[in-house]
Number of protein chains: 2
Amino acid sequence: MPPEPGPLDYRQAGVDIDAGDALVAAIGKSVAATHGPEVLRGLGHFGGFFRIGPVGSGATLVASADGVGTKLKVAVLAGRHHGIGADIVNHCVNDILACGASPLFFLDYFATGSLDPEIGATVINSIAETCKELGVALLGGETAEMPGIYQTGDYDLAGFIVGMVAEDEIVDGSAIQQDDLIFGLPSDGFHTNGYSLVRAALGLNGDVETARERLGSDVAYTAGLTLAEALLQPHRCYLQDVRTLLQLGVIRGMAHVTGGGIPGNVSRVVPEGLTAAIDAGSWSPPPIFEYVTERGHINPEEAFRVFNMGIGFVFVCDPAHARVVRNAAPDAVKIGSVQAGSNGKRVQLLGL
Amino acid sequence: MPPEPGPLDYRQAGVDIDAGDALVAAIGKSVAATHGPEVLRGLGHFGGFFRIGPVGSGATLVASADGVGTKLKVAVLAGRHHGIGADIVNHCVNDILACGASPLFFLDYFATGSLDPEIGATVINSIAETCKELGVALLGGETAEMPGIYQTGDYDLAGFIVGMVAEDEIVDGSAIQQDDLIFGLPSDGFHTNGYSLVRAALGLNGDVETARERLGSDVAYTAGLTLAEALLQPHRCYLQDVRTLLQLGVIRGMAHVTGGGIPGNVSRVVPEGLTAAIDAGSWSPPPIFEYVTERGHINPEEAFRVFNMGIGFVFVCDPAHARVVRNAAPDAVKIGSVQAGSNGKRVQLLGL
């Protein structure tokens, strides 16, 4: 497999984060204008909050919408669709979990150019199986056949989840204090982010047969898996671990590490005047990350901005609870601490 | 504009309803397996029901997911994106309204190959404006830039809505009785269904410049509008009319006329052993329907199976309430009545 010309970045791979930011800025006012007093916390969190119970402590619905991104392109090339259901459900569950909410129900949107009932059934049954395992009701969905929009074999998949939390149990990071500890939970590969850059780095966007051959080959880095298997590892679900920690009452803030990576997501929950100082040397990203970043000559800052780099979920605790955390979540790795001062950004990534 | 070869049907236009049915059959069991006692009514309704309050009369959430379909292709060709937000919000609001629910909040999924922040903002601001008018919170959403999946300029848009209804106020058609009257509320054109057939019938799938020229020309049938304007009339919202009728307590069943047309949707709410006898001669479909069906040589059965044919929402009432209905919803047209016997299908379309 010849190395790609580099260094590659997300914009060259076709994803323009600045365009996304411009869009968010252009819609903020009109979106906020739809929010009455039952909408709590506004925009920018991992889920949207809608209070249906009494003010102060009442039941609050938490909702989130997400997609699988161009991981779908890898699934289509490899003809492996079974993990995609776990990807979208787990992504959505983790998002509202990061707000402290337990999932109630899920709906999907599956769109394709020409409906192949077998592939559609594989994807939606895998959604149902994941929902079943997690105790989430698959309450509905939409299947759209849209000739002329999707190319043959391609499809898109979005998910929508609703969960619940008591208003006084919402976790939004506002409880985070100086000297708190920052823990990370390991990811299973790229989850559902950064695949446009992964595909560009691995040369999967050109000739289909060449791309298929690459995906079918074993990759020394990935411990006996084919490249397709390594890239299509489903998004990991953190519900079990985090629910235990929530019940123990030891969590002060959480971030689901999706688009934007650790800096882009942890910064969403760190209060003004504090910085999450994260030591990138405190864990080793799984070899697949090194493989992709080397292939694409992707520089470390860009890799950490686009990929989860081996940490799929971050939570913040009082140092007094370190032992409790270690017992309840043995997978958790201490990756940093909260420090005074913010210096314009709320995350400092050390040791790159 | 030369007439297209005909007669055209939905399958020839690239939409295979049988494939959709096969998919639904293949996922039914695994989806049902995710349903605990809080999921009411199962699948097949206009929304999914999730009870969060006490059994019997408690608060029940009603959720639905939908897309705009290939009406988007017309919007992209014409460069007119402002109505698309109303399309998706109104479609979703009508769906849960047909279950008796009032909307609480909405989320969108906007996916494109290369994000144009201006078009994205036009679409999402139009979603926000429609939400604001209807008193629905736009609680969140996802914008996905997916190079390689969408062609330049194309995008897809899905919507997710959550509303609420008391369990004992759910409207599911089970109250419908013999001799009940069936009323229709007028649509504003094709709403968000059947556009693949519309596009094929009007020859909009070939050369882009030719298609743009056709869309820009005035059409005698459409009263001074260009073809683009006629085709892009937003999906009408029935919240106002229907809410009044619900408050009056005169509705026994409702159907939102989307994919599947009047027969496909009214049949979802007619109880076993009864037939909705609908007289297609009791209203005149707006001229745009005649224009498209003539151009595509679409036979009337197919047209009624794919298009709403001028009736966007159907409701069923006790004949004793006819006068109340006429006063409260002066737009409503009596289109049929409920008769004994079902003869294998629950809708009989007369006078085609």
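Within every chain, numbering begins at 1; the chains are lettered A, B, ... in the order of the sequence lines, protein sequences first and strands thereafter.
The two atoms that bring A:G67 and B:Y109 nearest to each other are CA-CE1, 3.9 Å, heavy atoms only. Scanning both residues, A:M146 and B:D156, for their nearest heavy atoms gives CE-OD1, 3.5 Å. Heavy-atom minimum distance, B:P147 versus A:A13: CG-O, 3.5 Å. For B:F49 against A:L139, the heavy-atom pair with the smallest separation is O-CD1, 3.6 Å. The shortest heavy-atom contact between A:N125 and B:I27 is OD1-CA, 3.5 Å.
Looking at B:Y155, only its backbone comes within 4.5 Å of chain A, counting heavy atoms on both sides. Only the backbone of A:D108 comes within contact range of chain B, with at least one heavy atom under 4.5 Å from a heavy atom of that chain. Contacts of A:V24 with chain B are absent, with no heavy-atom separation under 4.5 Å from either backbone or side chain. Heavy atoms closer than 4.5 Å to chain A are found in both the backbone and the side chain of B:D66. Contact of A:S114 with chain B is not made at all, since no heavy-atom distance falls under 4.5 Å. No part of B:A32 comes within reach of chain A, as not one of its non-hydrogen atoms sits under 4.5 angstrom from that chain. Looking at B:V76, there are no atoms closer than 4.5 Å to chain A (heavy atoms on both sides), in backbone or side chain. A:L104 touches chain B through backbone and side chain together, each having a heavy atom under 4.5 Å away. Heavy atoms closer than 4.5 Å to chain B are found in both the backbone and the side chain of A:V15.
Each of B:G140, B:A137, B:G135, B:A144 has some count of heavy-atom pairs under 4.5 Å with chain A, and the biggest count is that of B:A137. Note on B:G47, B:A25, B:A63, B:G120: by heavy-atom pairs under 4.5 Å with chain A, the leading option is B:A63. Heavy-atom pairs under 4.5 Å with chain B were tallied for A:L61, A:D21, A:V162, A:I149; the largest tally goes to A:I149.
Classified by interplanar angle (parallel below 30°, tilted 30° to 60°, perpendicular above 60°), the ring pair B:F160/A:F160 is parallel.
The backbone N or O of B:D16 lies less than 3.5 Å from a partner atom in the side chain of A:E145, making a donor-acceptor pair.
If you run side-chain contact (heavy atoms from CB on, under 4.5 Å) between B:T34 and each of A:L138, A:T130, A:L134, only A:L138 comes through.
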